[in-house]
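In what follows, a structure is listed as structure tokens, so that the remarks can point back to it.
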Amino acid sequence: MTHFLDIHKTDAAALRGMIDSAQAMKTARAGRPKGAPDDEQPLKGRMVALIFEKPSTRTRISFDVGVRQMGGQTMVLSGADMQLGHGETIADTARVLSRYVDLIMIRTFEEQTLLEMAEYADVPVINGLTNRTHPCQIMADVMTYEEHRGNIAGKKVVWSGDGNNVFASFAHAAGQFGFDLTFTGPETLDPEKAWLDYAASKGRPITVERDPHKAVQGADLVVTDTWVSMHDPQSARERRHNQLRGYQVNAQLMAKAKEDALFMHCLPAHRDDEVTSEVMDGPHSVIFDEAENRLHAQKAVMRWCLGL
Ligand code: CP
Ligand code: NVA
């Protein structure tokens, strides 16, 4: 079964193929209405289940629109409305869903839920974010970097803030796409050691630099994300804000990066917390291209999963 569970679990050549296919699909439908079908309809007759145990705007809509553009049909399901949210096991849910649908995308809390879904499903499963990783986002980010600046290999990417699930997928991508990743944030919110070890094992050791102004020097790409993720307790909000305040991406920080550096954020953003509106809406920012590219990148991921 060809699941898309994480960037470090997917063959590097396959990842490269997906980025190229995403760009080709984007180019092929340029200028068309959003609801217009693609010329190719590889998902014709296919049914896709999109399961959400957490809120979502981009993931929900981009997967839904992407399936429809490729001729397939979707079912958007909330975990709480399914028996899954009322005690039915993940394994039984996976086996039942496999009798109805051709592909499952799930956004959930514990990584274990995703892994069990993949283990027991007879159809491909795609990770739409867990507490630990967010691979679809980083496929879109790599695509976005490359459409603006060419191959990401050898470039300097700097992450400022929380060492969270989105950072984790960047660490995996550093290993698979061959770029240099620097983490700058407080020690208390460091990324998991496993992710640092992974990147190092692929010959791309991650630099950890506590001073954000030193970290971004010479950066080709600066990235941040919310200071409080969906799985973080709200009670931790104030403490996290206090720890992360010094890592805000603002004009002073961006000025230390390369002149043509890009700025990315997976969104949703908390304007003037982790990033200022000036940077979000400024000349370095490609955040809305990034959001659009979720659509194209995930279409490529789905085709790869289904071998279409
Ligand atoms: N970036 C992202 O995954 O956004 P949503 O939470 O809106 O899906
Ligand atoms: N780190 C964020 C990403 C949201 C798309 C979260 O997990 O809430």
Side-chain angles (χ1 to χ4, degrees), residues 4-7 22 48-67 74 76-80 104-114 126-145 159-173 181 183 185-186 188-192 195 221 223-237 240-241 243-244 247-249 263-271 273-275 280 285-299 301-302:
F4 185 73
L5 300 181
D6 268 314
I7 288 178
V48 179
L50 307 172
I51 305 173
F52 290 89
E53 296 197 300
K54 286 175 174 169
S56 167
T57 296
R58 280 143 288 270
T59 306
R60 181 187 308 253
I61 299 170
S62 57
F63 264 105
D64 199 346
V65 171
V67 171
T74 58
V76 184
L77 306 159
S78 118
I104 299 168
M105 191 288 312
I106 180 165
R107 164 170 289 194
T108 188
F109 287 85
E110 298 305 327
E111 180 179 56
Q112 193 51 34
T113 305
L114 169 80
I126 296 175
N127 176 359
L129 178 146
T130 70
N131 296 357
R132 273 189 107 195
T133 60
H134 195 4
C136 289
Q137 179 67 52
I138 279 48
M139 292 298 283
D141 292 1
V142 170
M143 177 185 173
T144 306
Y145 183 87
W159 176 279
S160 185
D162 182 18
N164 66 12
N165 48 359
V166 179
F167 175 83
S169 290
F170 258 109
H172 299 153
L181 182 59
F183 171 79
T188 44
L189 297 172
D190 267 349
E192 280 184 48
W195 308 146
L221 169 62
V223 193
T224 191
D225 185 16
T226 180
W227 289 341
V228 188
S229 283
M230 291 180 274
H231 60 275
D232 290 322
Q234 274 304 312
S235 57
R237 188 177 178 280
R240 297 176 73 90
H241 275 237
Q243 290 170 327
L244 286 160
Y247 294 93
Q248 182 191 64
V249 179
F263 169 75
M264 288 192 198
H265 187 312
C266 65
L267 306 178
H270 301 79
R271 285 175 176 259
D273 284 345
E274 71 269 12
V275 54
M280 279 186 75
S285 175
V286 289
I287 54 175
F288 299 113
D289 291 337
E290 208 186 335
E292 175 182 340
N293 286 338
R294 293 292 303 277
L295 168 68
H296 309 294
Q298 289 157 189
K299 285 168 73 175
V301 169
M302 289 189 276

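By convention here, the first residue in the shown sequence is residue 1. All ligand and atom numbering here is 1-based and tracks the order in the structure. None of these values were measured; they are calculated from a predicted model.
Side chains of Thr144 and Asp289: no donor on one and acceptor on the other come within 3.5 Å. Counted by atom type alone, Asn127 and Thr133 present one or more donor-acceptor pairs between their side chains at under 3.5 Å.
Screening residues 224-235 for salt bridge (charged side-chain N to carboxylate O under 4.0 Å, His left out), with sequence neighbours left out, gives Asp232-Arg240.
When every heavy atom of Thr226 is checked against every heavy atom of Asn164, the shortest pair comes out as O-ND2, 4.1 Å.
Atom CZ of Phe63 sits about 5.5 Å away from atom CE of Met302, to the nearest 0.5 Å.
Using a 4.5 Å heavy-atom threshold, the side chains of Thr113 and Glu53 count as touching.
Applying the side chain to side chain donor-acceptor pair (under 3.5 Å) test between Ser62 and each of Gln298, Arg294, Glu292, Lys299 identifies Gln298 as the sole match. Exactly one residue among Glu110, Glu192, His231 makes a side chain to side chain donor-acceptor pair (under 3.5 Å) with Arg132. That residue is Glu192.
The salt bridge (Lys or Arg N to Asp or Glu O under 4.0 Å) test applied to Arg60 returns no partner, not counting sequence neighbours.
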Please produce the table of protein N or O atoms sitting under 3.5 Å from N or O atoms belonging to ligand 2, one pair a line, distance to 0.1 Å.
| residue | atom | partner | partner atom | Å |
| --- | --- | --- | --- | --- |
| ligand 2 | 1 (N) | Asn164 | ND2 | 3.4 |
| ligand 2 | 1 (N) | Asn165 | OD1 | 2.9 |
| ligand 2 | 1 (N) | Asp225 | OD2 | 2.7 |
| ligand 2 | 1 (N) | Ser229 | OG | 2.7 |
| ligand 2 | 7 (O) | Asn165 | ND2 | 2.8 |
| ligand 2 | 8 (O) | Met230 | N | 2.8 |

Which protein N or O atoms sit under 3.5 Å from any N or O of ligand 1? Give atom names and distances.
| residue | atom | partner | partner atom | Å |
| --- | --- | --- | --- | --- |
| ligand 1 | 1 (N) | Gln137 | OE1 | 3.0 |
| ligand 1 | 1 (N) | Cys266 | O | 2.9 |
| ligand 1 | 1 (N) | Leu267 | O | 2.8 |
| ligand 1 | 1 (N) | Arg294 | NH1 | 3.3 |
| ligand 1 | 3 (O) | Thr59 | OG1 | 3.1 |
| ligand 1 | 3 (O) | Arg107 | NH2 | 2.9 |
| ligand 1 | 3 (O) | His134 | NE2 | 2.9 |
| ligand 1 | 3 (O) | Arg294 | NH1 | 3.0 |
| ligand 1 | 4 (O) | Arg58 | NE | 2.8 |
| ligand 1 | 4 (O) | Leu267 | O | 3.4 |
| ligand 1 | 6 (O) | Arg107 | NH1 | 2.8 |
| ligand 1 | 7 (O) | Thr57 | N | 2.7 |
| ligand 1 | 7 (O) | Arg58 | N | 2.8 |
| ligand 1 | 7 (O) | Arg58 | NE | 3.1 |
| ligand 1 | 7 (O) | Arg58 | NH2 | 3.0 |
| ligand 1 | 8 (O) | Ser56 | OG | 2.6 |
| ligand 1 | 8 (O) | Arg58 | N | 3.4 |
| ligand 1 | 8 (O) | Thr59 | N | 2.9 |
| ligand 1 | 8 (O) | Thr59 | OG1 | 2.7 |
| ligand 1 | 8 (O) | Arg107 | NH1 | 3.4 |
| ligand 1 | 8 (O) | Arg107 | NH2 | 3.2 |

